[in-house]
Amino acid sequence: MPAETTPAAADDVDPRSLAEVPAEPGAAKPDPILVVDSVVRRFGGLRAVDVDHLEVQRGVITALIGPNGAGKTTLFNLLTGFDKASAGSWSFDGHPTHSLPAYKVARLGMVRTFQLTRVLARLTVLENMRIAAVGQRGERLARAMVAPLWRAQEREVTERAMALLDRFGLAAMCDEFAGSLSGGQRKLLEMARALMVEPRLVMLDEPMAGVNPALKQSLLAHVKSLRDEGMSVLFVEHDMDMVRDISDWVVVMAQGALVAEGPPESVMADERVIDAYLGAHHDVSLETVEAEIADETDEELAADD
Amino acid sequence: MDWSSMVGGSLQQALGAPAIIYCLAAIGLNVHFGYTGLLNFGQAGFMAVAGYALASLVATWGMSFWVGLVVGLALSVVLALLLGIPTLRLRADYLAIVTIAAAEIIRQTIGSVTLLRYFGGQDGLQQFVGTFQGLNPFHNSVTIGITTWRPYDFWLLVVGWTVVALCCIVVYLLMRSPWGRVLKAIREDEDAVRSLGKNVYAYKMQSLVIGGLIGALAGFMSALQNSSIVPSQFATDTTFFAYTVLLVGGAARVLGPVVGALIFWFLITFLDAFFGDATQGAHPLIPTWIMSNDQASVMRLIVMGLALMLLMIFRPQGIFGDRRELAIDAR
């Protein structure tokens, strides 16, 4: 592993690891954790996903953006084993994972969250956390009835769960049913729960959807801390402020295919991307847009004269 | 009106074999539906397979009672696998459709004329409880309070409630373990569980097998109860009564099926006796222009149905359920 991707060096966004990477779709990365090759997903005649090549760099935060219907979530579902690709292959950390079921993908260390949060409503917050620990002895039917076989491990799991709940500000609610949490708290719980799996790549599907601005800041900090701890993050998001704020690399999809890649500043400045996928006026207020249109109209009128 | 005989008779049913049969069936359903969220509408099928395995191996093929028990349990595992392999990867409702159909197929097949030689058709099988009767340590009638039991019935009761207690202990031990936690999580959202690295399919299959095994025990009790077995014992209403028992007691509670079975069988017998009595004689309590003695026999089902509706409206969590759990919108 190159020195610049170790957790210590990644503390500040390390531009060196990605600085040499050309900002073009499908660019090779120095240390990819996820490599995707010619993956296609058809729904009838529609090619929802048609990605030639994509590499996701280890130890950084990669954003996956694009307009609605671009195939971002479908790609997520394919990569995590929740959907079956029509064709193509991909590998996670050297393991080919394209034919693995979702649970095996998760066990390898590639853990996802969902666009609509999926908390286990009638389990307590603490149980939601505990269940996510992998390799629990008490989860084997043959050993489940004999508590001494798993009690010590259960204590360890509980300690780890409480530490994570503490970090995400949910420790006080550990005995509440997860179904009684607010929308934002559910997002936090889902992220904390994903960490219980001890993932190497965290895949967040719209982590900011439906979260109030105050909580947004705290979520942003949590996502950054994942990178600081050496995890890789791939997230789908529509909130451009968040993308600009925390991502080290941005991948743009449209109509199922990759159309652009690069550091956030350059991708967001790319006229094609802005016009086609973010809307021409994505970063200005409505008044300014109206003023611009008025100006243009004036200019055109002037030109006509 | 003879209240003490009515209450006594009802207690006899609530403590006796009928309640034990439905209690065991409901414990199995509790594992399936209460804990894992699997909609098994074919519990009667598991009971039929086990009950008929026992009865036919002994009565038709002359094998030992114990071989019958073992084969019955083994066949219920096979049935669980047969039902689970094609349906557990699909949405929950497919299992419901397949199980209810399978239970009917089993009942019709067993009762068919073609297999009359083996299963006795609609008349069923008798003479297979010899070994069980031989083990009976009670030789005289047993009287407890206002109830009196014949020796065989009391023996059945002792064995039956012991089995119920063992099943409750097993369910309790399983459901407090991390294994049980995975089942409950699958009930809540199986995709979330999958995303956390659990093999949901395997857990659902294990749940189906365990609940089916407990259902098989209910089938044995059903066969032993009258020392005979007929296909009509395993009609679809058997499954629905078991669901009623489960919902009355409270799903996903270890003792829910036990309390549910006691209440259900007490009420249904008591109501039958009450309406029977109240419409009898020259000057019945309920005048004949309201209902006749013949009509009174269906009153118990009408009242039970009404009670079930009221329960679902005012206490949907059952006797033991936790109101907080239901207040949560699962979606």
Side-chain angles (χ1 to χ4, degrees), chain A residues 77 80-82 101-114 116-124 126-147 149-151 153-154 157 176-181 190 193-194 196-199 203 205, chain B residues 31 34-37 77 89 166-211 213 250-253 317 321-331:
Chain A
N77 287 344
T80 50
F82 277 84
Y103 75 94
K104 284 190 178 162
V105 175
R107 280 184 196 171
L108 278 176
M110 182 163 146
V111 177
R112 70 170 300 179
T113 65
F114 295 88
L116 301 168
T117 48
R118 288 173 179 268
V119 296
L120 309 165
R122 285 181 294 170
L123 262 55
T124 66
L126 183 57
E127 291 283 53
N128 263 268
M129 295 292 287
R130 280 174 175 160
I131 191 176
V134 289
Q136 296 188 52
R137 286 189 283 272
E139 285 183 355
R140 306 288 291 275
L141 180 54
R143 299 177 187 158
M145 293 213 297
V146 192
L149 292 178
W150 46 261
R151 204 169 272 143
Q153 192 188 26
E154 181 83 349
V157 167
E176 304 282 329
F177 283 123
S180 66
L181 298 183
E190 209 183 15
R193 190 177 66 188
M196 280 298 286
V197 189
E198 298 185 314
M203 318 235 323
D205 197 352
Chain B
V31 174
Y35 290 106
T36 324
V77 172
R89 286 185 205 280
L166 289 176
C167 287
C168 285
I169 291 170
V170 167
V171 170
Y172 167 77
L173 289 176
L174 283 176
M175 294 311 160
R176 67 163 188 171
S177 75
W179 184 84
R181 180 164 65 213
V182 178
L183 291 200
K184 287 179 244 174
I186 289 171
R187 174 190 72 197
E188 298 301 311
D189 190 329
E190 58 174 84
D191 273 347
V193 179
R194 216 168 262 136
S195 79
L196 299 172
K198 316 289 174 201
N199 186 353
V200 169
Y201 180 68
Y203 281 102
K204 281 162 114 177
M205 189 62 90
Q206 289 169 357
S207 166
L208 195 63
V209 167
I210 290 172
L213 280 171
R253 290 289 177 276
Q317 70 272 38
D322 183 342
R323 183 105 218 179
R324 280 195 311 159
E325 281 191 21
L326 278 179
I328 291 163
D329 188 11
R331 289 292 127 204

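FYI, side chains are in, hydrogens and waters are out, and symmetry mates aren't considered; it's all heavy atoms of this structure. Note on naming: letters A, B, ... go to the chains in the order of the sequence lines (proteins, then strands), and numbering restarts at 1 for each one. Given the structure is predicted, the values throughout are model-derived calculations rather than measurements.
Although no hydrogens or angles enter the test, the distance criterion places a donor-acceptor pair under 3.5 Å between the side chain of Lys198(B) and the main chain of Ile131(A). At least one donor-acceptor pair under 3.5 Å links the side chain of Glu188(B) to the backbone N or O of Arg122(A).
Interface residue Arg130(A): backbone and side-chain heavy atoms are both found under 4.5 Å from chain B. Using a 4.5 Å cut-off between heavy atoms, Val134(A) contacts chain B through both its backbone and its side chain. Using a 4.5 Å cut-off between heavy atoms, Gln136(A) contacts chain B through its side chain alone, with no backbone atom that close. With a threshold of 4.5 angstrom between heavy atoms, Val200(B) does not approach chain A through any atom at all.
Rounded to the nearest 0.5 Å, atoms CH2 (Trp150(A)) and OG (Ser177(B)) are 5.5 Å apart. Met203(A) contributes atom CE, which lies 11.5 Å from atom OG of Ser195(B) (distance to the nearest 0.5 angstrom). To the nearest 0.5 Å, atoms CG (Leu123(A)) and CG (Asp189(B)) are separated by 11.5 Å.
Side-chain contact between Ile169(B) and Met145(A) is absent, with no heavy atoms from C-beta onward closer than 4.5 Å.
Ranked by heavy-atom pairs under 4.5 Å with chain B, the list Glu154(A), Arg140(A), Arg112(A), Lys104(A) is led by Glu154(A). For chain A, the option among Val182(B), Leu173(B), Asp191(B), Leu174(B) with the highest count of heavy-atom pairs below 4.5 Å is Asp191(B). Residue with the most contacts toward chain A among Met175(B), Lys184(B), Arg176(B): Arg176(B) (heavy-atom pairs, distance under 4.5 Å).
Taking Leu149(A) as the reference, Arg143(A), Val146(A) meet the side-chain contact (heavy atoms from CB on, under 4.5 Å) condition, with sequence neighbours excluded. With sequence neighbours excluded, the residues satisfying side-chain contact (heavy atoms from CB on, under 4.5 Å) with Ala102(A) are Phe82(A), Arg194(B). For Tyr103(A), the ring-ring contact (aromatic ring centres under 6.0 Å, His included) criterion is met by no residue, not counting sequence neighbours.
Annotation: residues 201-211 of chain B contacts chain A through Tyr203(B), Gln206(B), Ile210(B) [non-hydrogen atoms, separation under 4.5 Å].
Taking each heavy atom of Gly197(B) and Ala106(A) in turn, the nearest pair found is N-CB, 3.5 Å. For Trp179(B) against Ala144(A), the heavy-atom pair with the smallest separation is CB-CB, 3.5 Å.
No more than 12 heavy atoms of other residues, nucleotides or ligands shown are found within 6.0 angstrom of CG on Leu116(A).
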